[in-house]
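See structure below.
Throughout, a chain's letter reflects where its sequence line sits, starting with A, and its residues are numbered from 1.
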Number of protein chains: 2
Amino acid sequence: MGRWEPNAQSRLRQAAMDLYAEYGFDQTTVAEIAERAGLTERTFFRHFTDKREVLFAGSERLQEMLVESVAGSSRPAGLDAVADAFERAAEHYFPPVEYSRQRQTVIDANPALQEREIAKLHRVAAALTEVLRARGLDDPAAALAAEAGVAAFKVAFARWVSDPAGGALADHLRESFIGLRALLAPARLGS
Amino acid sequence: MGRWEPNAQSRLRQAAMDLYAEYGFDQTTVAEIAERAGLTERTFFRHFTDKREVLFAGSERLQEMLVESVAGSSRPAGLDAVADAFERAAEHYFPPVEYSRQRQTVIDANPALQEREIAKLHRVAAALTEVLRARGLDDPAAALAAEAGVAAFKVAFARWVSDPAGGALADHLRESFIGLRALLAPARLGS
DNA sequence: GGGTCTGATGTCAGCGACTGACATCGGTCG
DNA sequence: CGACCGATGTCAGTCGCTGACATCAGACCC
């Protein structure tokens with residue numbers, strides 16, 4: 001398919017990650033990324049809608065997985081279904097810790113990237129809210145379960161990438177959701 | 001102070017709003033905004049960090065008001081203090097409905113602006129979480145009270161700008177928080 | 001009143017993100 | 001072997017945004 005080497009997209013992503021990590025996001029130009037990947041600036045923009053998106057491509061896939069998982073969950077629509085979905089995704093979706101760690105370091109150093117990250121997580125929460133409602137949970141409860149689930153995921157993810165013991169993401173997720181459930185038990189967010 | 005007419009900043013904001021509303025955000029160039037305001041492109045960027053920020057300048061002020069309000073609230077740190085803060089801000093901060101409505105229409109039509117809006121609200125939630133913790137609320141409860149408060153505000157704001165009856169924002173806020181409290185009563189989020 | 005100082009604005013040059021239009025190459029299929 | 005198609009290259013251009021420096025209006029001082 002490609003004109004020369006295959007995997008243009010992943011080569012671009014790798015090149016971008018390397019340069020972002022070494023010189024910072026702002027100090028890296030798209031032309032440099034493309035050159036390192038042996039491609040053209042124009043081609044970069046055919047694979048990624050913008051310079052930031054390199055770090056977030058794939059989040060749509062995660063969102064789809066979560067939505068499908070909640071939609072087909074054996075548990076009733078609620079926090080437990082969301083927790084299950086995240087734990088399942090943890091095993092099939094996420095890249096190795098080192099990559100995630102490096103990626104997070106880059107994001108944490110740049111406001112524009114944080115903006116994009118927050119927006120992506122917001123979309124995930126919105127999508128989860130939608131499925132939960134579709135499965136019969138009423139409106140505010142669905143939103144709360146979704147937002148709380150995403151919040152628990154944020155915590156688990158942050159602990160995962162900064163865990164010196166190298167614990168699995170799934171384990172951090174379980175802990176995080178246990179803490180959340182303990183806190184919210186009396187509210188019964190559809191769980 | 002100004003070279004010619006005063007109020008350069010508000011003239012720029014007005015010009016931007018008019019053009020964004022009439023032609024859309026992407027179709028409006030900064031040079032056009034500046035020209036309509038009788039100023040230069042360079043001057044625009046001295047008043048606003050970027051083209052999007054025109055629509056969000058002032059959100060820092062809102063955030064400060066909320067934080068101060070919660071910090072000095074007579075109520076215990078929790079949802080009620082947050083609710084009070086929003087209701088007080090509703091009376092002293094927000095522009096007329098027509099302006100807010102027009103602004104929201106522009107934002108809703110553009111993903112980049114939505115990203116910025118979400119990020120701003122996220123910062124507000126983070127700041128509120130911080131005050132609540134400073135006032136002694138424990139960590140997850142503080143975050144939940146802040147996020148829930150912001151969520152209630154979102155709902156109230158959306159209803160306010162789309163309310164044909166022209167109800168006051170403060171009234172929508174009260175209703176929204178009543179609904180939230182009813183839902184969360186058993187959880188006791190510090191309220 | 002005139003000189004000076006300061007803050008806001010103008011001017012200019014330039015970088016880099018992003019896009020549209022069109023050419024070109026590699027592989028596929030008939 | 002030739003038509004076809006999808007991915008890439010090439011080119012030119014727009015626009016957001018910035019740094020450096022000049023300039024102007026008003027405030028302050030004498």
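Rounded to an integer number of Å, the gap from Phe44(B) CZ to dC17(D) P is 8 Å. Atom CZ of Arg42(B) is separated from atom P of dT18(D) by 7 Å (rounded to the nearest Å). Atom NZ of Lys51(A) is separated from atom C1' of dC17(D) by 13 Å (rounded to the nearest Å). Rounded to whole Å, atom P of dG16(D) lies 16 Å from atom CG of Asp50(A). Atom CG in Asn7(A) sits about 10 Å away from atom P in dT8(D), given to the nearest Å. For Arg52(B) and dA17(C), the CZ to P distance is 15 Å, given to the nearest whole Å. As rounded to whole Å, 17 Å separates atom C1' of dT19(C) from atom CD of Glu53(A). For the pair Leu12(B) CG and dA8(C) C1', the computed distance is 12 Å after rounding to whole Å.
Using modelled atom types and a 3.5 Å distance limit, the side chains of Gln27(B) and Glu32(B) yield no donor-acceptor pair.
Comparing Arg46(A) and Thr40(B) against DNA chain C, the residue whose closest nucleotide sits nearer the 5' end is Thr40(B).
Other residues, nucleotides and ligands place no more than 12 heavy atoms under 6.0 Å from the CZ atom of Arg159(B). Shown here is Tyr99(B), whose OH atom has more than 12 heavy atoms of other residues, nucleotides or ligands within 6.0 Å.
Of the candidates dA17(C), dG9(D), dG19(D), the closest approach to any side-chain atom of Thr43(A) belongs to dG9(D). With dC18(C), dT9(C), dG19(D) as the choices, the nucleotide that has an atom nearest any side-chain atom of Leu39(B) turns out to be dT9(C). Side-chain proximity of Glu41(B) to the nucleotides dC17(D), dT19(C), dT18(D) is greatest for dC17(D).
In summary, Glu98(A) and Arg101(A) do not engage in a salt bridge, as defined by a charged side-chain N under 4.0 Å from a carboxylate O. A salt bridge links Glu130(B) to Arg133(B): at least one charged side-chain nitrogen sits closer than 4.0 Å to a carboxylate oxygen.
Taking Arg135(A) as the reference, nothing meets the side chain to side chain donor-acceptor pair (under 3.5 Å) condition, with sequence neighbours excluded.
Distances shorter than 4.0 Å separate none of the side-chain N or O atoms of His47(B) from OP1 or OP2 on dA8(C).
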(request) Begin from the C-alpha positions of Tyr93(A) and Phe153(A) and carry the test ring-ring contact (aromatic ring centres under 6.0 Å, His included) through to its verdict. (result) CA-CA 14 Å; Tyr93(A) 169 77; Phe153(A) 165 73; 9.3 Å; no
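Within residues 17-37 of chain B, the residues having any heavy atom closer than 4.0 Å to DNA chain D are, in order of number, Thr28(B), Thr29(B), Val30(B).
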